[in-house]
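Notes follow once the structure below has been shown.
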Amino acid sequence: MSGPETAPAYPSLAEATRVWARIAALSFGGPAGQIAVMHRILVEEKRWLGDDRFLHALNFCMLLPGPEAQQLATYIGWLMHGVRGALVAGLLFIAPGVLAILALSWVYATLGDVGLVAGLFFGLKAAVLAIVVQAVVRVGKRALRNRAMQSIALASFVAIFLFGAPFPAIVLAAALIGWAGARAGLAAFRPGGGHGAVGKTHVADAQTLLGEEHIDTRGAADGAAFRAGFGALVLWLMPVAALWLIAPGSVFADIATFFSKLAVLTFGGAYAVLAWVAQEAVGHYGWLAPGEMLDGLGMAETTPGPLIMVLQFVGFMGAFREAGWEMPLLAGTLGGLLATWVTFAPCFAWIFLGAPWMERLRRNTALSAALSAVTAAVVGVILNLAIWFAMHVIWREVTHLAAGPVSVDVPVMASIDWAAAALSVLALIAVFRLKLGMATVLGGAAMAGIVLHLAGLAG
């Protein structure tokens, strides 16, 4: 292993672009897997930055709404090569996923109920259910470190499961509780250590290209970041405003508005956001059915890029069905790309506007406590999502019960799909007992779904 005296030369933007393209091609497996890939390549292999600076950047991205892995790539790109580096890293991170989800959306819209394709998605539903349950356990272990956080998670679950509380209200309430708890000096709301070590060995900052000192954001670098941030805000909001002026009430205006709201409230990762999408895109707008949400998540799980790319599929299906165009595939393509645009343009804005102030943001204990409380609430939200998915995977019929303020969906027990139930149990065993990787579970479940379909057993 080379020592600090043999540190590699500082890469050009072209050289860095090739590295970011490699990371993008390997960015499977959700944020944990994507962060691990970035750490292995950027810290352990390339030695661009050390463990402390990598985790420092990751904790900063955790304070922002949006997919932290994509924003981490954007931020490190900014550290290395300024605004241009951030754009290269951030755009390359999502480009393979955009193309893959677009292609799969076309296939799904035209062939989704045909033969082997239907069997494949039947199997993926069971695997996705197991992965969502795993997310509940994984996030819960990290976030529910004391009774206060456990109580927030329980209250969050009850609010959304029994009372249908909107996701933004849950996020706001949790943030206020965390902020107030920190201001009151309660021990339960003191910020924890954030993310732990990512790699097996510790790489000292002094042995890397960026060194120990934090980037000097005064002068030109500071101004360029702020100009890029405001530019990203304009590019995000202009299409939204234009659609409201030109086509108010259209599905495209609804997509732009709804996913813009998601973009500022996506704390807690893609699984938490899907609970809100299930409430609105399925329940309110009727863009797609519950089982189709699982199909979309299966696409996002099996393609490179952030899991939040599932929103592109939702936007595609919404415009495909609701635009009323003679060419629905064109409408769906534009709807999917619009959803992607208003999801990720704000991510660049948050990085550019926040990066020069990251030290102040990260050291704000009240803000950190608010985000910790939101993460605890997200555990309850994801648990609700897991139950919601399970009902629509394992049972063919779901009925709605209401009594006063309580409103809940329950499965019709006689409508159980035994093949789906068995496949879901096998997927859970594969994830929790056998501890198989995500690619293995998804691939195995997809093949099992095809076999069940050929045997006439798939529901």
Side-chain angles (χ1 to χ4, degrees), residues 65-67 94 97-98 101-102 104-106 108-109 112 160 164-172 232-267 270-297 299-300 306-347 349 381 385 388 392 400 407 409:
I94 63 175
V98 170
I101 294 294
L102 180 59
L104 288 172
S105 297
W106 273 61
Y108 188 88
I160 195 169
F167 179 69
I170 292 173
V171 169
L172 178 61
L233 288 177
V234 171
L235 290 173
W236 163 35
L237 296 173
M238 277 183 61
V240 180
L243 285 169
W244 270 102
L245 291 173
I246 298 170
S250 70
V251 66
F252 295 102
D254 289 339
I255 288 171
T257 304
F258 176 57
F259 291 116
S260 290
K261 289 189 289 186
L262 281 174
V264 299
L265 289 167
T266 52
F267 298 99
Y271 294 117
V273 176
L274 286 178
W276 191 11
V277 176
Q279 281 184 325
E280 298 296 322
V282 176
H284 176 68
Y285 293 108
W287 290 337
L288 68 174
E292 292 173 327
M293 276 292 303
L294 278 162
D295 293 336
L297 187 55
M299 292 181 193
L307 295 182
I308 203 71
M309 292 304 306
V310 66
L311 301 186
Q312 179 181 335
F313 171 74
V314 176
F316 181 99
M317 296 305 296
F320 177 80
R321 289 170 173 164
E322 303 294 332
W325 289 14
E326 293 184 1
M327 295 183 290
L329 286 173
L330 175 60
T333 299
L334 294 176
L337 294 177
L338 175 62
T340 301
W341 180 268
V342 298
T343 296
F344 286 100
C347 293
V381 172
L385 179 70
W388 188 86
H392 291 92
H400 184 76
S407 177
D409 290 332

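Small disclaimer: the values here were computed from a predicted structure and weren't measured. Numbering of residues begins at 1 and proceeds along the displayed sequence. Scope of the values below: all heavy atoms of this structure, side chains included, with no hydrogens, waters or symmetry mates.
Contact of the Thr340 side chain with the Phe259 side chain is not registered, since no non-hydrogen atoms from C-beta on lie closer than 4.5 Å. Between Thr343 and Leu262 there is no side-chain heavy-atom pair separated by less than 4.5 Å. For the pair Phe316/Trp106, a side-chain contact is recorded, criterion being any heavy-atom separation below 4.5 Å from C-beta on. Side-chain contact between Phe344 and Pro306 is present, with heavy atoms from C-beta onward closer than 4.5 Å. Contact of the Leu337 side chain with the Val98 side chain is registered, since non-hydrogen atoms from C-beta on lie closer than 4.5 Å. At least one side-chain heavy atom of Leu338 sits less than 4.5 Å from a side-chain heavy atom of Leu243.
Here His400 pairs with Ala402, Ser407, Asp409 under the side chain to side chain contact (heavy atoms under 4.5 Å, CB included) rule; sequence neighbours left out. Residues that satisfy the ring-ring contact (aromatic ring centres under 6.0 Å, His included) test with Phe258, not counting sequence neighbours, are Trp276, Tyr285. Applying the side chain to side chain contact (heavy atoms under 4.5 Å, CB included) rule to Ser260 yields the partners Trp236, Val240, Val342; only residues at least two apart in sequence or on another chain are considered. Under the side chain to side chain contact (heavy atoms under 4.5 Å, CB included) criterion, Leu334 pairs with Phe252, Trp325, Leu330, sequence neighbours left out.
Taking OG1 from Thr333 and CG from Leu102, the interatomic distance works out to 5.0 Å, rounded to the nearest 0.5 Å. Atom CZ of residue Phe313 and atom CG of residue Leu297 lie 10.5 Å apart, to the nearest 0.5 angstrom. Note: Leu294 CG to Leu288 CG = 10.0 Å, rounded to the nearest 0.5 Å.
Nearest heavy-atom pair across Glu322 and Gly286 is OE2-O, 3.9 Å. Residues Ala263 and Pro346 come closest through the heavy atom pair CB-CG, 3.6 Å. Looking at every heavy atom in both residues, Leu233 comes nearest to Ala349 through CD2-CB, 3.7 Å. Between Ala319 and Ala331, the closest heavy-atom pair is CB-O, 3.1 Å. Across all their heavy atoms, Ala339 and Gln312 have their closest contact at CB-CA, 4.4 Å.
At least one donor-acceptor pair under 3.5 Å links the side chain of Trp341 to the backbone N or O of Leu235.
Among residues at least two apart or in separate chains, salt bridge (charged side-chain N to carboxylate O under 4.0 Å, His left out) pairs with a member in residues 279-295 are Lys125-Asp295, Glu292-Arg321. Residues in residues 239-256 take part in these side-chain hydrogen bond (donor to acceptor under 3.5 Å, both in side chains) pairs, two or more places apart or across chains: Trp244-Thr257.
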- Item | Test log, rule side chain to side chain contact (heavy atoms under 4.5 Å, CB included), inputs Leu329 and Phe320 | CA-CA 6 Å; Leu329 286 173; Phe320 177 80; 3.7 Å; yes
